[in-house]
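Working notes for the structure below.
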Amino acid sequence: MRAEVPSNTESRDVALTIPARPDYLVLARLALSAVCRLTALSAEEVADLKLAITEAANDFVDDARPDEDEGRLNFSFKLLEDRLLLELAGPQGAVSEVERELGRAIIDATVDECDFGEGRTHLVKY
């Protein structure tokens, strides 16, 4: 597990790499909470973002994956003047199409923009 804050003190970007396992997702939620403290987002909006990032991470985590084949899940939080960018990248997990569709519906309802690609997800909250 690795957390980084760039050496540029003016930057408000945070990166976090965790094992692609469900029990580590709490660390990403905590990092997101810390970044959100620097925004004007309401407590409800922060709770929505925590839900969105958890749902997005479900595409990448796989607790059935053998421990020796543990992938890594990368999170990037970029705080800009008018928006917060959340990026996830990692190995595709074993999630059913029904679960994926439900998760994406939840994400779509909780963020302003979302984009899903092979091995990556981008979320935006204004």
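Keep in mind the model is a prediction, meaning the values are calculated, not measured.
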[X]: side-chain contact (heavy atoms from CB on, under 4.5 Å) partners, not counting sequence neighbours:
X: D112; value: K125, Y126
X: N58; value: L25, E55, V61
X: D23; value: R21
X: E97; value: R100, E101

### Task
Have a look at I53 and tell me which of V111, L88, T110 forms a side chain to side chain contact (heavy atoms under 4.5 Å, CB included) with it.
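Going through V111, L88, T110 one by one, the side chain to side chain contact (heavy atoms under 4.5 Å, CB included) with I53 is satisfied by L88 alone.
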### Query
Shortest non-hydrogen contact from A56 to L123?
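Residues A56 and L123, closest heavy atoms: CB-CD1, 4.2 Å.
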### Message
Testing the basics here: between A20 and P91, what is the closest heavy-atom pair and its distance to 0.1 Å?
### Response
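Minimum heavy-atom contact is CB-CG, 4.4 Å.
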### Task
Please test Q92 against E118 for side chain to side chain contact (heavy atoms under 4.5 Å, CB included), starting from the C-alpha separation and ending with a verdict.
CA-CA 8 Å; Q92 207 60 42; E118 188 66 33; 3.9 Å; yes
### H122 side chain near V124 side chain, heavy-atom distance below 4.5 Å
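Not touching, per the 4.5 Å side-chain cut-off.
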### Query
Under a 4.5 Å cut-off applied to non-hydrogen side-chain atoms, are R104 and C114 in contact?
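No, every pair of side-chain atoms sits at 4.5 Å or beyond.
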### Query
Which residue pairs pass the salt bridge (Lys or Arg N to Asp or Glu O under 4.0 Å) test when at least one of the two sits in residues 25-47, sequence neighbours left out?
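Every pair satisfying salt bridge (Lys or Arg N to Asp or Glu O under 4.0 Å) with a residue in residues 25-47: there are none.
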Calculate, to the nearest 0.5 Å, the distance between atoms [atom1] and [atom2] belonging to [X] and [Y] respectively.
X: R72; Y: I18; atom1: CZ; atom2: CD1; result: 9.5 Å
X: L32; Y: L41; atom1: CG; atom2: CG; result: 9.0 Å
X: F77; Y: L16; atom1: CZ; atom2: CG; result: 6.0 Å
X: I107; Y: T121; atom1: CD1; atom2: OG1; result: 6.5 Å

### Query
Who else is in the cluster with I106 when I, L, V, M, F, W and Y are joined by side-chain contacts under 4.5 Å?
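Once heavy-atom contacts under 4.5 Å are chained together, I106 belongs with L51, L102.
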### Task
Tell me whether F60 is reachable from L85 by hopping between hydrophobic residues (I, L, V, M, F, W, Y) whose side-chain heavy atoms are closer than 4.5 Å.
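Not linked; separate clusters.
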### Task
Group every Ile, Leu, Val, Met, Phe, Trp and Tyr by side-chain heavy-atom contacts under 4.5 Å, then state whether L80 and L49 land in the same group.
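L80 and L49: separate clusters.
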